[in-house]
Each structure stands twice: as C-alpha cells, then as structure tokens.
Amino acid sequence: MEKLQQLYEGKAKKVFATDDPELLIVDYKDDATAFNGLKKGTIVGKGVINNQMSNRLMQRIEKAGIPTHYVRELSQRETLVKRVSIVPLEVIIRNIAAGSFSKRYGVEEGVVFDSPTIEFSYKNDALGDPLCNAYHAMALHLATEAEIETIKRYAFRINEILREFWAGCGVTLVDFKLEFGRLSDGTVVLADEISPDTCRLWDSKTHEKLDKDRFRRDLGGVEDAYAEIMHRLVAHDEL
Ligand code: UDP
C-alpha cells in the first residue's frame, strides 16, 4: 500500500491518499486541543496509544456486527481505513453526567442515568459545534431520516459493547463521541477514532479520570493516564 499526498490535517490526525481510491491512511499525532482549539498542547505518546486503542476497539465493534472504516494497522501511528464522507454530526452517548451535560443542566458530575442518552452536535468549528436534534440535522441535510435511525441504533449498541469491555478492565465508560461516514455505495459505517481523546473513562473504584479531561482541566499526570488506560485495555484484551 503506497502512502501518497496528504489530503487533510486535523487537530489530532493527518489523512493521506493511497494508490487505492477507496482507501486512506490516517496518521495520529501527539497534538492535543480542547475548547474548540483554544487550548493547545502535546501529550507525548498519545498518537501511538490512540491509534492502537481505536483499532482494537473498532475490531471488537466490527466483530459484533457493526461496520467500521477500519482495515489494517500499518505502524504504531498509521492505520489503513476505508474512505468515507463524514456525516457532519458528533454523536455523543452518555451513561453518567459530566462535562457539558453537567454544565448545561446543572447536574453534578457522576450522577448515573437510568438509561443512556444520545445527542448530536453539528460538526462546524466556525459555529462551535452547536447542539442539534434529529429534525435540525435533517433540515440542514446533514443526514437522512434512515441514516439517523441507523446511527442511533449503532451508537447505543456500541455503548453496550464498550461499556461491557471497559467494565472488565476496571474502567467506567462515562460518555463518548462517535462519528460516522458513508462509503461510496452509501453504507453508513463507524469512522474517526475511539480513544481517551473522545471518551470519558474513570477508574471504577477510585473514579480517577483516565482520559483527556486531565489535559482539559490541567489535572496533571496526562501521559501517565493515557499509558495506564492502554495498559488496562491490553491486559484485558489478551485474556
Ligand atoms: N467529545 C469529543 N469531541 C468534542 C466534544 C466532545 O470527543 O468535540 C467527547 C468528550 O471527550 C466526552 C464526550 O464527547 O467524552 C462528551 O463531551 P461533552 O459534551 O461533555 O463536552 P466537553 O465537556 O468535553 O466540552
């Protein structure tokens, strides 16, 4: 597989063309941003961890019957993925109140929901990724009704898969963000990444944060938290 020209550079990843028009290479960086790019920094080793963690979780999700963009890990930081056109929605599933939910509704962090919630944000940096509902997404032609139904079904199923897996690692899955894309034939697949950048992961016993909130909130021990969560995943994955 030949790595050709860079197509795109995002906040945490670069995307390259390959000699196959249906395949791209994603290259994970150590760069970290928060608050819509206002806070910038580096988390040493993050690119390697996010690449490897996302790939392991995507393979698990694929095995459970949900299609993903994952094809093959090429190196510590590089992965071959199917080319998709991204549905411009951030799909957020929550099991426990935290972050923007706690702030918006005045609910203390850590309150456990009776059942998981879903919400969408319109992926648009200039607008600050505003919250939107399914009707707004359809009005804006971001996705069709059928696509939104598929996305909701996949997202809740992914929550079950990930929650069970992380529980086995002694980790509570608080919330996470997913992105979906369309293959050239229109099939909706899980895309982007699943990592401590995009999930809130708390130690089940101590509730210690093992995710990007350590960076967002200047809690210190950022690199150690990423290494610890990866260590837990690998230990459990190899059982
Ligand atoms: N999230 C993300 N990218 C974003 C916004 C949120 O990956 O642009 C993830 C975040 O890591 C958390 C979940 O989505 O696991 C819910 O985030 P929230 O809406 O609470 O926003 P935040 O407090 O991070 O601004």
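Note that ligands are numbered from 1 as they come in the structure, with each ligand's atoms numbered from 1 the same way.
Salt-bridge check for Asp203 with Lys209: failed, with every basic side-chain N at 4.0 Å or more from each acidic carboxylate O. The existence of a salt bridge linking Asp30 and Arg77 is confirmed by a sub-4.0 Å separation between a basic side-chain nitrogen and an acidic carboxylate oxygen.
For ligand 1, the 4.0 Å heavy-atom shell contains residues Glu90, Ile92, Arg94, Ala98, Gly99, Ser100, Asp175, Phe176, Lys177, Asp197, Thr198, Cys199, Arg200, Arg216.
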Only distances under 3.5 Å count here; give the side-chain donor-acceptor pairs of residues 139-146 to other protein atoms, sequence neighbours excluded, each with its distance to 0.1 Å.
residue	atom	partner	partner atom	Å
Thr144	OG1	Glu147	N	3.0

Just list the side-chain donor-acceptor pairs under 3.5 Å for residues 83-91, sequence neighbours left out, or say none.
residue	atom	partner	partner atom	Å
Arg83	NE	Pro21	O	2.8

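Through direct or relayed side-chain contacts under 4.5 Å between Ile, Leu, Val, Met, Phe, Trp and Tyr, Leu38 connects to Phe35.
Residues Asp197 and Tyr226 have side chains that bring a donor and an acceptor to within less than 3.5 angstrom of each other.
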